[in-house]
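As C-alpha cells, the structure follows; a few thoughts come after it.
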Amino acid sequence: MPVAPNTMLRVGLTGSIAVGKSFVLGVLAELGCRVLDADQTAREAVAPGTAGLDAVVEEFGKGILLPDGKLDRAQLGAVVFADEKKRLRLNAILHPFIIAAQDEQLRRWETEEPNGIAVVDAALMIESGGYRRFDKLIVVHCRPDIQLQRLMARDSITAEPAKQRIAAQMSQEEKKQHADYLIDTSDGFESARDQAEQVFAELRRISDKVC
C-alpha cells in the first residue's frame, strides 16, 4: 500500500498463537515504534460498564461473568474455542469496538509524531481483514512443533487442547502469504531480535522517505 506523505507509518503485526508476537512487539517498541497490543485493547473493550461487555453478555449469557461483574476470560475462552460459530460470533461482536479504539489511539499518535512508526499487534488481523488498514504487515511465525511446546508451557495445558486452539486459527502458512515482512522465532530470541531490527531499519527508511 502506498504511504501518504507526512503521515505516520502504520504497521500491522500478526501471527498465530504462541509464536512470539509479544517479544517482537517489545523489540520494536525499544527501537522507537509506538506500539499497540490488540489484546490490551480487547480487554479494555470488555471492561465492566462498557458497551462491549454488554454485547458479549447479551450473546453468551451471564455465565461468562465473574462474581465481581468482570469478564471470566477463561470461561468465555472454553466456550468459543470449542465452537467455531461461537468464536466467529465473538470476533464479530468485539471487532468494531477494538477497531474504533485502535483508530482513536493512532490518530492521537499521528498528531504527536507524524513521521513516526505505529505498530498494532493483533492475532486475527488477517482473518478479520483488518490488515488492509495498514501500510505494511509483519507476520511472526515459528515451526509448528515449537509453537505447540510454547503454548503448552505458557498456558499449562496438555497437547490436545493446545492443538485444538492452534487448529481454530488460520494456518501459519496462509498468514505468511499476506506478509510484507516475515520474522521467524524458531531459533530463539536473539535471532528474532536481529530480524526485528532489520525490519525496523526498512520501516524507518520508508517512513523517512515519505516525510
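All of these numbers come straight from a predicted model, not from anything done at the bench. Only heavy atoms go into these numbers, but all of them, side chains included; no hydrogens, no water, no symmetry mates.
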Legend entry - Val35 versus Trp109, closest heavy-atom pair with distance: O-CH2, 3.2 Å

When the side chains of residues 151-158 are checked against the rest of the protein, which donor-acceptor pairs come out under 3.5 Å, sequence neighbours left out?
residue : atom : partner : partner atom : Å
Asp155  : OD2  : Arg165  : NH1          : 2.8

Inset, instruction - Using the test side chain to side chain donor-acceptor pair (under 3.5 Å), find all partners of Lys86 that sit at least two apart in sequence or belong to another chain. - result: none

Legend entry - Pairing residues for Glu127 by the side chain to side chain donor-acceptor pair (under 3.5 Å) criterion, not counting sequence neighbours: Lys175

Inset, instruction - Please list all pairs passing the salt bridge (charged side-chain N to carboxylate O under 4.0 Å, His left out) test where one or both residues lie in residues 49-63, with sequence neighbours left out. - result: Glu59-Arg89

Inset, instruction - Output, in order, the C-alpha distance, side-chain angles, deciding distance and verdict of side chain to side chain donor-acceptor pair (under 3.5 Å) for Arg150 and Gln147. - result: CA-CA 5 Å; Arg150 287 175 178 170; Gln147 180 189 23; over 6 Å; no

Legend entry - Taking every non-hydrogen atom, the tightest pair across Ile206 and Tyr181: CD1-OH, 3.4 Å

Legend entry - Results of ring-ring contact (aromatic ring centres under 6.0 Å, His included) for Phe23 - residues two or more places apart only: Phe189

Inset, instruction - Quick one: pull up CD1 in Ile138 and CD in Gln195 and give me the separation to the nearest 0.5 Å. - result: 11.0 Å

Inset, instruction - For residues 146-165, pull every pair meeting ring-ring contact (aromatic ring centres under 6.0 Å, His included), keeping only residues two or more places apart or in separate chains. - result: none

Legend entry - Residue pair Ala159 / Leu148: nearest heavy atoms and the distance that separates them: O-CD1, 4.1 Å

Inset, instruction - Let me see the working for Val199 and Ile183 under side chain to side chain contact (heavy atoms under 4.5 Å, CB included), right down to the final yes or no. - result: CA-CA 8 Å; Val199 170; Ile183 295 179; 4.1 Å; yes

Inset, instruction - State whether the side chain of Ser191 and the backbone N or O of Gly188 hold a donor-acceptor pair below 3.5 Å, judged by distance alone. - result: no

Inset, instruction - For Arg143, enumerate each residue passing the side chain to side chain contact (heavy atoms under 4.5 Å, CB included) test, keeping only those at least two apart in sequence or located in another chain. - result: Asp145, Ile146, Ser186, Asp187

Legend entry - Donor-acceptor contact present, side-chain Thr185 to main-chain Ala192, <3.5 Å: no

Inset, instruction - Determine whether Val27 and Ile117 fall in the same hydrophobic cluster, where Ile, Leu, Val, Met, Phe, Trp and Tyr are linked whenever their side-chain heavy atoms lie under 4.5 Å apart. - result: yes

Legend entry - Straight-line distance of Asp135 CG to Thr7 OG1, nearest 0.5 Å: 6.5 Å

Inset, instruction - Look at Arg204 together with Asp208 and state whether they make a salt bridge at an N to O cut-off of under 4.0 Å. - result: yes

Legend entry - Side-chain H-bond candidate by donor/acceptor type, Gln105 with Arg108, under 3.5 Å: yes

Inset, instruction - Hey, could you give me the CG/CZ distance between Asp39 and Arg73, rounded to the nearest 0.5 Å? - result: 7.0 Å

Legend entry - side chain to side chain contact (heavy atoms under 4.5 Å, CB included) between Leu90 and Leu94, worked out: CA-CA 6 Å; Leu90 176 64; Leu94 291 181; 3.8 Å; yes

Legend entry - Same cluster (ILVMFWY, side-chain, under 4.5 Å), Val80 and Leu65: yes

Legend entry - Test item: Val120 and Val11 side chains (from C-beta on) under 4.5 Å apart, heavy atoms: no

Inset, instruction - Apply side chain to side chain contact (heavy atoms under 4.5 Å, CB included) to Leu88 and list each qualifying residue two or more places apart in sequence or on a separate chain. - result: Glu84

Inset, instruction - Enumerate the residue pairs fulfilling salt bridge (charged side-chain N to carboxylate O under 4.0 Å, His left out) with a member in residues 20-29, sequence neighbours excluded, ordered by first and then second residue. - result: none

Legend entry - Pair Glu173, Gln177: side-chain N/O donor-acceptor within cut-off below 3.5 Å: no

Legend entry - salt_bridge(Lys163, Glu160) N-O dist < 4.0 Å: no

Legend entry - Single-linkage hydrophobic cluster Phe81~Leu71, side-chain heavy atoms < 4.5 angstrom: no

Inset, instruction - Indicate the atoms forming the closest heavy-atom contact of Ile93 with Ala55, along with that distance. - result: CG2-CB, 3.7 Å

Legend entry - Spacing of Leu9 atom CG and Glu110 atom CD [to the nearest 0.5 Å]: 10.5 Å

Distance-only donor-acceptor hits, side chain of residues 95-102, under 3.5 Å, sequence neighbours excluded:
residue : atom : partner : partner atom : Å
Gln102  : OE1  : Arg133  : NH1          : 3.1
Gln102  : OE1  : Arg133  : NH2          : 3.4

Legend entry - Closest non-hydrogen atom pair between Leu36 and Thr41, with its separation: CD1-OG1, 3.8 Å

Inset, instruction - Identify, with sequence neighbours excluded, every residue that meets side chain to side chain donor-acceptor pair (under 3.5 Å) alongside Arg107. - result: none

Legend entry - Approximate separation, where rounding is to 0.5 Å, of His178 NE2 and Ile126 CD1: 5.0 Å

Legend entry - side chain to side chain contact (heavy atoms under 4.5 Å, CB included) partners for Glu113, two or more places apart: Met8, Arg34, Asn115

Inset, instruction - Please lay out, stage by stage, how Leu137 and Tyr131 fare under the test side chain to side chain contact (heavy atoms under 4.5 Å, CB included). - result: CA-CA 7 Å; Leu137 180 66; Tyr131 74 98; 4.1 Å; yes

Legend entry - Side chain Arg10, main chain Lys136, donor-acceptor under 3.5 Å: no

Legend entry - Nearest heavy atoms of Leu25 and Val119, plus distance in Å: CD1-CG1, 3.8 Å

Inset, instruction - Say whether, by atom type as modelled, one donor and one acceptor occur between the side chain of Asp72 and the main chain of Leu66 under 3.5 angstrom. - result: no

Legend entry - From Glu44 atom CD to Asp37 atom CG, the distance as rounded to the nearest 0.5 Å: 9.5 Å

Legend entry - Ile17 with Val140, same ILVMFWY side-chain cluster at under 4.5 Å: no

Legend entry - Within one Ile-Leu-Val-Met-Phe-Trp-Tyr cluster: Val139 and Met170, side-chain cutoff 4.5 Å: yes

